[in-house]
Every structure is written in C-alpha cells, then in structure tokens.
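For reference, the structure is listed below as structure tokens.
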Amino acid sequence: MEMRRFMSWTDEDFPSSVVSMALATRTDRRPSMTRTLWDSSVGKKTIMAVSGLVMLGYLVVHMLGNLKIFFGSDEFNHYAHWLRTLGEPFLHYEWALWIVRVVLVAAVVLHAVSAYQLSRRDLRARPTAYVHRKARSSYATRTMRYGGVILALFIVWHILDLTTGTVHSGGFQSGHPYQNVLDTFSTWYGNVIYIVAVLALGLHVQHGFWSAAQTLGVGSATRDRVLKTLANVLAVVLTAGFVSVPVAVMTGVVS
Amino acid sequence: MKLTLRVWRQQNAEAPGAMATYEVDGISQDMSFLEMLDTLNEELILGGDEPVAFDHDCREGICGACSLVINGDAHGPERTTTCQLHMRSFDDGDTIDIEPWRASAFPVVKDLVVDRSSFDRIIQAGGYISAPTGTAPDAHATPVPKPDADSAFEHAECIGCGACVAACPNGSAMLFTSAKVNHLNVLPQGAPERETRVLDMVATMDDEGFGGCTLTGECATACPKGIPLPSITAMNKEWLRATRKVRR
Amino acid sequence: MPDLSDYTNYRTGEPLVDAKAPTGPVAERWDTRRFEAKLVNPANRRKHTVIVVGTGLAGGSAGATLAEQGYHVIQFCFQDSPRRAHSVAAQGGINAAKNYRNDGDSVHRLFYDTVKGGDFRARESNVHRLAEISVEIIDQCVAQGVPFAREYGGLLDNRSFGGVQVSRTFYARGQTGQQLLLGAYQALSRQIAAGNVELHSRTEMLDLVVVDGKARGIVARDLVTGKIDTYFADAVVLASGGYGNVFYLSTNAMNSNATAIWRAHRRGAWFANPCFTQIHPTCIPRTGDHQSKLTLMSESLRNDGRIWVPKAKGDDRPANRIPEDERDYYLERVYPAFGNLVPRDIASRAAKNVCDEGRGVGPGGQGVYLDFAEAIERMGRKKVEEKYGNLFDMYARITAEDPYETPMRIYPAVHYTMGGLWVDYDLQTTIPGLFAIGEANFSDHGANRLGASALMQGLADGYFVLPSTINDYLARNPHTEEIDAGHPAVAEAVAETEDRLNLLLAVDGDRTPDSFHREIGELMWEFCGMARTEEGLRKALGRIPQIREEFWRRIKVPGTGEQFNQSLEKANRVVDYLELAELMCLDALHRAESCGGHFREESQTPDGEAARRDEEFSYAAAWEFSATGDAPVLHKEDLVFEYVHPTQRSYA
C-alpha cells in the first residue's frame, strides 16, 4: 500500500509538507495568474474549458462550411478558396487561415496536455479500484477520455487526409476539395473513421459544453436546464451536420 | 435474514488486503447496517478472530465518521449515512460487498477504516474566518440577508464524511472543498479572506492528491447531506474571481 | 461479599470550600475574579504548554483560544478528526440572554431560570457567570461564520425552549451543535495551521501524570499504532465530555467514554454528583437486543404532539384501532396545567410508570405514543410538515413507520450527565493544574439541565472562562523542573497503563467487551435510571463488584496492543465504567432526596412528585477515590442561595 504522495503537474514531488505550504502561500508572494491557472486542477479545467469552447466555435463554422458541399463543387471549391483569401487586402494570402490554424493548434495542444495531466492525476487519486464496480454517470460523461483520444487521432488523420493529402485515397488534388471529399467518402474506412469520430464528437460536446459552463462558473441551478438543452442541441446539430456529408456521398446525393 | 458478507480485510496501511467472506444469520430488518456489523464482530471475537474495523461514532448521521462503500455505493443504496441505513433495504439471502473509501488521499488504516486527515488539512488551509475570541462585534452589527444565511447553512451542513471522494471516479474532493468555501464566502464575515480562502484550499486539495473534477455528479448523488453539484460551479466562479482579485 | 459493606461504608471527610469564588454582588463576581487573577506576560505565554483533551465545544474552543493567546497547546481527540466530537449531534439550540425579542429577558432571568431548572443544586456564582457570558458567545460564533437561522430582515431568529417564558434560543435548524462545533473546529484548524496547536487525532488519553501533586501531563495511546506515549505540559485541561455511556444505551456517541475523567479521579480529582443524570423523554424506542444506541427526537415535538398509552394493559391493537375513549392521555390527565409540556424528568418518569404498569406500546412494551393526529387536523398536514418535517423524516427512516399516519413511539433515554469532576470557580479540579470544562465538570447545571444550555456551557467554559482563569494558575506556578518519561511518577503511570492493557489481552476469556458493557448498562438503567430506591441501589452495589470480578476472568480481546484494535479500546473503557457505575450508585444511595434528574422513590410528595430535602442535601457531593472497590470519601460543598430562593417545583 502506498502512503500519501504529494503530486504536482510535472510529476515532481513537493518537498515541503502541506502545512508549511499553506502557510507559505500566506506569507510569500503569490504566483502570477498564469502560474496559478497552470498549477491548479481548477485552473487546468479552466484552460480546457476555454480551449474547448474555441474549438467548439470553430467546429460550428466548419460544419456550416461543410454543408456547402450540397450546393455543388463550384460553390464548395469557391468557399475553400475564399478561406485562403479571407482578410485581403489587409492580410496577405492565407494569413487568416494560418492565424486560425495557429489558434486551433494552440487550443488542441492546451486541451490535450491539460486533459492528459488531469487524467493522470485522476487515475493516481484512485490507485485501488473498487471490487464492486458500478457506473452511474451518463455515457457521455464516462467516455470523455476515450472520446478525446479518438478525436485527437481523428484530427491527425483528417489533416493528413484532406489538408496535406498524405494518406489520401486516390490522387489528392490541392485546390479541389470537393473531389477530395468525394474520394475520402468513397472508401468504406474513410466513412467508418469519419462517422465514428463525429459520433464521439457529439458525445464529447454534450458533456463538454455543459462541463465548461460549470468550470467557468456560469452554471447555476436555474440555468442548468438551459445549459443542458444547449449542450444537447449543439451535440445533435454538429453530429447531424457533419455526418450528413459522408451519408450524402454514400447515398449518391452528392457525387 | 441470512446474509453473505464480502468484506475488505487489511491488517494495516502497509499490508495487502483482500475480500473475505462471512455468513451472518438472524439479522433483523430493524437493525442498522452497523448493528449488523456489530453482530458479525461479536461472533468473530468469540471465535478468536479480530473483528472488522470500521469507523463509527454518533450513529445518528451527523458526525461523519462512518464510511463504507456498500455494493459499490458510498453509504449504501439509500441517500443517507451508513449508520442510518437499515437492513430493511436488503433482502434475505443477499450478498453484500463492503469496501473502504478508495482514494490515495484516504489511505487505509485497517480493514474499512481510512485516514481522512487530508480533509482537515484542507480546512486548515483557509476553511475558517479569522475571528479570535473576544474580538467580535455585537451579533446584530452586520445583518445577513436570509437567502445568504440559508445558502451558508446548506453548505455548512457538510459532515466531512468523504462519500463524495469515495463516489467520484476521480477521487476528487471538489464537493467537500466547495461546501466550505461557499459556506464562508457567501457571508459578509467571510469577505476579508474570500480570495485567499478559495485559492489556498484548492491548492491544498490538489497537494493532498485528490483527483480533478469531471463533473460526473457522482459526489452529489452520494452526499448524505445533499450538498448540490452547483456548489462546485460556485466554487469555480469564486476561484476564477480570486485569481484576478487576489493581491500579489 | 466484603466489597459491598466496605464500599457503602463511606467516610465523610472535611467539607469542601471553593476558595476561588469571589464574594460581593453576584453580578460583579466574574469581573472581580478576572481582575484578581494573575496574568501571564504575552511574551512568556509561548513558553507554557497546555494539554487539552477533547475537541468538542469546550475543548475545541479552549484549544483555539489558548493558542490565540500565545500558549503552546497540545490537543487530543480519539476521533479521526476534531470535527466529529459528539457536540456535533446537539440539535435544539443555544441559549443567550440577548433579549433581541424585547420580551423581558435579561442576564438575571437566564441566571434565575438555570438555578431553578437545576433544582437548586448548582452554584449561584457559576451560573451567573454563565448567563453573563452567554451574550458574548453568540457574538463570537456569528463572527466566525456560524450560520444561525435568520429572519427576512437579516437579523437572528430565536425560539423558545424547554418551558421558559422567553425566546432566547439561537439555532441553526436542527443542527445547532454541528454548526457551533464547526465554528470551534475551524478556529482550532486556524491555530493548527499556524503551528500553535499540535493536534493528535486518533489518540486516547489513558492516564493522568501527576508530579509533586500537580497535573503535568498525560499518558495516551495512539489508536492506529497502539504506541503508548507521554505528553507533558504546565497544565492539563479535560474536555472529554460526559459519562452517559455507562448506561450502554444512551444518546451519546458510541465512543464517548469516561476514561479521561475517571483516570483523573483515580489520580486525585474528586468526582461531584455522579448520580445526576438527565433522561430525555423523547427518544426513539429500542427495537431489540441488537440496539447499539438511541436517537433523540427534539423536545420541540411535545409542543404539538399528544402523549398517550392504551387504558387497558396489554392492549396490542394498532394505535389507530384504539378508540378515543380507550386511550389515556396521562400527562394531560395528571398535569392539566402543563399537559404534555412538563419538564423532561417528569415526562420521562411518567412514561416509565405507564410502561411498568404494562401499558407500554411497541416491541417489548417499552414505548408510549406521541400522536400528531390532532395537530394535523388542527393545523393541516402542510403546517406540521413545515414545522417538524425533518424530524418526521428522521423517525420514518429509522423506524420505517410514517408518523403522519401512525403515532410516533417514544421512550426516555439517557442523554446528559450533570455530574462530573468537581471544579472550583476557576474550573480547576482538586488536582492543581488539572482543569475540567464542558460536560466533564459538574458546575453549572445542578441536578437538571435546561434545554439549550449544554452548548452554552461548553462554549462559555472554552472560549471565555478557562482562558481567563488558567492564566492565574500558570502565572503562579512557573515550572522550572523539566519532566521527562524517566520521571518515577511518569514511569509508574505508563507501567500501570501498559499492565492494564496487557492484562485485558491476556485473559482470553469467553465474553466480549460489549457483552459486559451491556450488562452493566442494563443494571444501571434498572436500578440507577429514572427512579431509584435504596433497595435497588443496594442490589446494584452488590452486583457491580461481581460483574467486575467476572470481567477480569472472562473478558476476551483479540489481536495485540501494537495495532489498531477497537476491541481493546472498548474493553479498556468498560474497565472504567465498572468502577464509575459503582460510584454513581453510591452517590444515588447517599442522596436520599429527590432532585432534578435524581428521583428517589422514598422521597416524594403525596401526589407523587419529587421532594427535595434542602435541610439535609443542599450541597454538592464530591467523592474522593481511595481504591477500586473501597469506599470513597465524601466531601460536601455547601450551596448557598442568596439570590434565587429554593422553592419546591410544582407542575400540576
């Protein structure tokens, strides 16, 4: 049996006892706000909430953009091209896109690193499992971790498939996203990977959105119903919106 | 009633533990769960075995000492403390699994007894109002709006049993910590230490090795005193506010 | 049986005088004493160590306050956390003479009510001080964040309690004790974090260390490792609570025990009025032999509930099948003026009487009905729910009966012990340097405690009285001699403790500690419970030494002493109950009057009420220990009443 350990985020043990820690924080200078956020489980959750909301906002826009595929290849390809010229002439070609990409990568990295560290902490907090196990919380809540891993792997595949074309099936044509999308959803595995990921996304958003609201302290007993409904609506709309594309390709609605 | 009990037995903090099986007979529906364990223990002692160690004291649901995970539920199937759970919640012939609270911040002392002093250290980090004896103004000097007083009371009802930690899949102490933070931070008397209190208590909670909150809500479901889940949200809000407002 | 004649053949020693009590007008005595007391220079306080045993309302508040003053405090509790001390379970409220209701309350009225409620067996000086301090307690607790009930205007709410005519009880729903205790616990936690209090939880005091006649430390056992250690100090404060668990079944917590005060008694602290125990009328009856403790239902239920039993003996029909004219509302019948609201001791005894007649209800006939049918009809179910909902829920959870449909069953149970270690006005026992506070001492409640006064006394002692009076002792006794574990007095105390525990482990008999506890408890309940007779007490006094002898022959404690061993803890506590029970019976035997919670059947008025005998018994009985089973020495402290003149109570 392991006795109590003091854990920090970076895996180094705190040398001082807790009592002196508590006293030290009283008398010493308090760490900066960033430091406080990064060092605390509540702060890490805040980082996850904010980065999650950033990604969620992006996904709503992304999903709406995807739906343009239903209006034909010209409109879809034109939209994709416009993304690169967004902000011109103030911004140079593709700058806006790169700014978005940088922000998104930062959000993904912060979200993932925080999630990883928090998960490690959570697993270490319960080193011995109960013999009699019982799961009570919702499926969405319990699958946040696995869902997150699925989504992370999906993002990698998705970028290699449709942004860089590295793993694309059939010849990847830069500047012809409409055809690229059709290629991807013409393979069974392309559809399977995509649909599984989108379903995982729906579950992730359902608990994640509500959870982020709690973490950021905007939830309350009276607002709970609204937040939960909003989370459900977001999850359903995103799932339906994203899934509609492969389904449309498979059924030949889009070809 | 005749029951089969599977109980976690562990000689001390260092020794390995395992589930042991016992049969008990002649259990009355009117017995409390702990009285049922008393019956088992009387038999064990007379048989020359060591009785099952478990924490208990007031047996009226207020001291927070009793702490058993029964069939996977902290404090068992009813929403109350183990001492207020009665055998009428079980059926003749049932097999009942009894385990200690499981958390690295609550190391097992013996059998079903765990060390919850980490909770005390969280309180020591700031779960108080600094009001040395003799310094108090008249009790009516500062009126407290009734809704605030009621909210403070509802959070102050926490008995520090640790069921929230035991039930949480992450072994998180957020519900416990938030109960005390909200109790004191909502009162005008608690205002001067409002920021340092929440920052220091949360920091200590982390240092003690409790897990983080993923808002599964298991804690609030298990809480025998009904501390609600939004209590955690309120503490998150206090904490974020404190990171901005605290004097550095 | 030579023990019997020996033990009851006690000697009366020299009378006892409280040398610390100031004279003069009662309202000025506390100020006078505080001014006369020597002080310890703030800079010197950290050089003094004070041991505090217990972390309830009295101990927690004392430890925190002494540490705030600058003393080094070593504090002990046998629970895993100071927050679990049994003060946590007090429901009703705390009295204070704030007169926020403008209903004629005052310090003097609270003083008067408490002296009278105690049936004129408490000291006027102490009670007046308690009433004065009551006001400061509320201020202190509010400043700490204790969430007392408030009204919509934001000011504190009050309610009336236990037959007094003013609303002076402050409360936090049905959990006042919990909230006050958490206040003290939090103050203590602050001092622990600051390094001023060294807390030893799961550590139980097993003996007192007395060096050159002064209390200098304790012997304590770490309940986790079993290690027996000694701790030294300049003064020792016992705040270990009452001894109601002598009765096995009581409203006390399972681990509440008498060991700290009994071991101190054996070392020379005299024990006062041990027979004064309070039996609370409204507890949930026992359901069978498995019963391990009893649960109190708030006294406030008697405001609207009607108490009755069937008129006929052995009537076992369900309550709602017994017609109105076959019910006996015995309190309303015998005490028409007060009805169901007679004081606790009278209500308890009346319940016992009807049960003894064979008219009790429920399993074993040990219960009476507390019926809300009439109240529900009068006020509507909703109103009753509002007023008593949480109590009804608690009752339903324990009994699985719905009190809205069938009447509650209640029965009296041991609740509080007014007796305790004798202390002077400074709360110092007869051992210099040993102080006793809260329920552990005897001082303020006389022969009967009023509702909502226990919390008041615990906090008064801990926050205000002891921290003032202990200065005087510490200033006058600057200890120069360091003591350590090698000191002969220390070695002797440790050896005695170890021998006792080893013996308990070595007997290896065939009876459990609980079986002896139950046996002594049942004996006490029968002969030293609600009503006592000379014959019964003599019977008990004959039986106790036999049980004690059997205990040391047949006790079985598995495991070893070097481990967490709850059987050993329990057995060791039973050892002390087996001696304390004897002293309680002797005290009850010698006090051939009825007063407060002590009802001697031989001493009653023609209409069956308690008859006090002031000419003979207007004193506190302080007993000096001699040896186990040997007659103790009685010292009488005469009680003088200058302000509240003794009258016989009447509630008919």
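Keep in mind that this is a model prediction, so the values were computed, not measured. Naming: A, B, ... by sequence-line order, numbering from 1 per chain.
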[options]: which one forms the most heavy-atom pairs within less than 4.5 Å of chain C?
{"options": "B:Asp49, B:Ile27, B:Asp120, B:Leu46", "result": "B:Asp120"}
{"options": "B:Leu34, B:Asp38, B:Val109", "result": "B:Val109"}
{"options": "B:Ser28, B:Gly61, B:Pro137", "result": "B:Pro137"}
{"options": "B:Ser32, B:Pro145, B:Ala149, B:Pro147", "result": "B:Ala149"}
{"options": "B:Ala65, B:Ala141, B:Pro188, B:Ala139", "result": "B:Ala139"}
{"options": "B:Ala136, B:Gly48, B:Gly190", "result": "B:Ala136"}

- Task: For residues 30-52 of chain B, pull every pair meeting ring pair (Phe, Tyr, Trp, His ring centres under 6.0 Å), keeping only residues two or more places apart or in separate chains.
- Result: B:Phe33-B:Phe90
- Residue B:Val113 versus chain C: region with a heavy atom under 4.5 Å: side chain
- Item | chain C contact via B:Arg59 - which portion, at a heavy-atom distance below 4.5 Å | both
Where [X] and [Y] come nearest, the two heavy atoms and their spacing:
{"X": "B:Ile129", "Y": "C:Ala143", "answer": "CG2-O, 3.3 Å"}
{"X": "B:Asp57", "Y": "C:Asn255", "answer": "OD1-N, 2.8 Å"}
{"X": "C:Arg150", "Y": "B:Lys146", "answer": "O-NZ, 3.2 Å"}

Between [atom1] on residue [X] and [atom2] on residue [Y], distance to nearest 0.5 Å:
{"X": "B:Ile123", "Y": "C:Ile192", "atom1": "CD1", "atom2": "CD1", "answer": "11.0 Å"}
{"X": "C:Arg518", "Y": "B:Glu42", "atom1": "CZ", "atom2": "CD", "answer": "7.0 Å"}
{"X": "B:Leu85", "Y": "C:Arg397", "atom1": "CG", "atom2": "CZ", "answer": "10.5 Å"}
{"X": "B:Asp138", "Y": "C:Asp139", "atom1": "CG", "atom2": "CG", "answer": "5.0 Å"}
{"X": "B:Glu35", "Y": "C:His290", "atom1": "CD", "atom2": "NE2", "answer": "5.0 Å"}
{"X": "B:Arg116", "Y": "C:Asp80", "atom1": "CZ", "atom2": "CG", "answer": "4.5 Å"}

- Query: Can you say whether C:Gln91 sits under 4.5 Å from chain B via the side chain, the backbone, both, or neither, judging by heavy atoms?
  - Reply: side chain
- With a 4.5 angstrom heavy-atom cut-off, could you sort out which part of C:Asp510 is near chain B: side chain, backbone, both or neither? backbone
Taking the side chain from [X] and the backbone from [Y], do they hold a donor-acceptor pair closer than 3.5 Å?
{"X": "C:Arg84", "Y": "B:Cys63", "value": "yes"}
{"X": "C:Gln140", "Y": "B:Gly134", "value": "yes"}
{"X": "B:Asp30", "Y": "C:Thr287", "value": "no"}

- Item | Residues B:Lys180, C:Gln186; criterion side chain to side chain donor-acceptor pair (under 3.5 Å); working and verdict | CA-CA 10 Å; B:Lys180 188 48 65 188; C:Gln186 287 163 202; 2.6 Å; yes
- Message: Please determine whether side chain to side chain contact (heavy atoms under 4.5 Å, CB included) holds for the pair B:Gln124 and C:Arg190, giving the CA-CA distance in whole Å, both sets of side-chain angles, and the decisive distance to 0.1 Å.
- Response: CA-CA 6 Å; B:Gln124 285 157 22; C:Arg190 177 169 166 260; over 6 Å; no
- Best-contacting candidate, C:Ala187, C:Ala400, C:Gly559, against chain B by heavy atom pairs under 4.5 angstrom: C:Ala400
- Given the options C:Pro147, C:Ser515, C:Ala85, C:Ser87, which has more heavy-atom pairs under 4.5 Å with chain B than any of the others? C:Pro147
- Message: I'd like to check the side chain to side chain contact (heavy atoms under 4.5 Å, CB included) partners of B:Asn41; sequence neighbours left out, ordered by chain and number.
- Response: B:Leu44, B:Pro51, B:Val52, B:Phe54
For a quick test of your reading: what N or O donor-acceptor pairs under 3.5 Å do the side chains of residues 150-164 of chain B make, sequence neighbours left out?
from	atom 1	to	atom 2	distance (Å)
B:His155	ND1	B:Ser151	O	3.0
B:His155	NE2	B:Ser231	OG	3.3
B:Glu157	OE2	C:Gln175	NE2	2.8

- Considering only heavy atoms from C-beta outward, does the side chain of C:Arg202 approach that of B:Asp55 to under 4.5 Å? yes
- Proximal to chain C - members of residues 75-84 of chain B, heavy-atom separation under 4.5 Å: B:Thr80, B:Gln84
